[in-house]
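These numbers were taken from a predicted model, which means no experiment stands behind them.
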Amino acid sequence: MNALLDQHIDHVSRRVKELRALEKQLKELCHRCCEAPSASECGILQGLSVASQESQATSDSAASHLRSVHSH
C-alpha cells in the first residue's frame, strides 16, 4: 500500500512542478504583452499554440494517470 501511495505522491509532485513551470511561462508571456496586435501576428498566441501542442503530446503519454489508483 505504501508503494502505491508513494507512486501517487510522486505523480502529484511531478504535476505540481509542471503546473508551476506553466504558471511561470504564462506570467512571462503576460509581461511581454504590451499591446494587442492582430491574433495572426501575435507571437504570444503562436507560442501558446506551440506549447499547447507539445503539452498535448505529453498529456497523451500521461493519460495513464495511475489508473490502478482510480479504477476501483
Side-chain angles (χ1 to χ4, degrees):
M1 184 59 139
N2 284 340
L4 183 60
L5 287 171
D6 288 341
Q7 184 181 12
H8 194 64
I9 290 167
D10 288 343
H11 175 78
V12 169
S13 294
R14 282 192 309 273
R15 291 293 295 144
V16 168
K17 183 178 179 181
E18 292 169 359
L19 289 171
R20 285 189 177 141
L22 176 59
E23 178 185 31
K24 181 180 177 184
Q25 291 173 345
L26 291 172
K27 286 180 178 180
E28 289 173 1
L29 288 173
C30 186
H31 289 296
R32 289 184 199 170
C33 185
C34 297
E35 50 189 64
S38 70
S40 64
E41 297 174 358
C42 180
I44 293 173
L45 291 177
Q46 291 172 358
L48 287 172
S49 176
V50 169
S52 174
Q53 292 169 0
E54 290 172 354
S55 176
Q56 182 62 38
T58 302
S59 324
D60 290 345
S61 65
S64 64
H65 181 66
L66 298 174
R67 293 197 191 281
S68 62
V69 174
H70 300 291
S71 64
H72 297 294

Calculate, to the nearest 0.5 Å, the distance between atoms [atom1] and [atom2] belonging to [X] and [Y] respectively.
{"X": "D6", "Y": "M1", "atom1": "CG", "atom2": "CE", "answer": "11.5 Å"}
{"X": "E23", "Y": "Q25", "atom1": "CD", "atom2": "CD", "answer": "11.0 Å"}
{"X": "L26", "Y": "E28", "atom1": "CG", "atom2": "CD", "answer": "9.5 Å"}

Lys/Arg N to Asp/Glu carboxylate O, R14 vs E18, below 4.0 Å
no
Results of side-chain contact (heavy atoms from CB on, under 4.5 Å) for V16 - residues two or more places apart only:
V12, R20
Test item: V50 and E54 side chains (from C-beta on) under 4.5 Å apart, heavy atoms:
yes
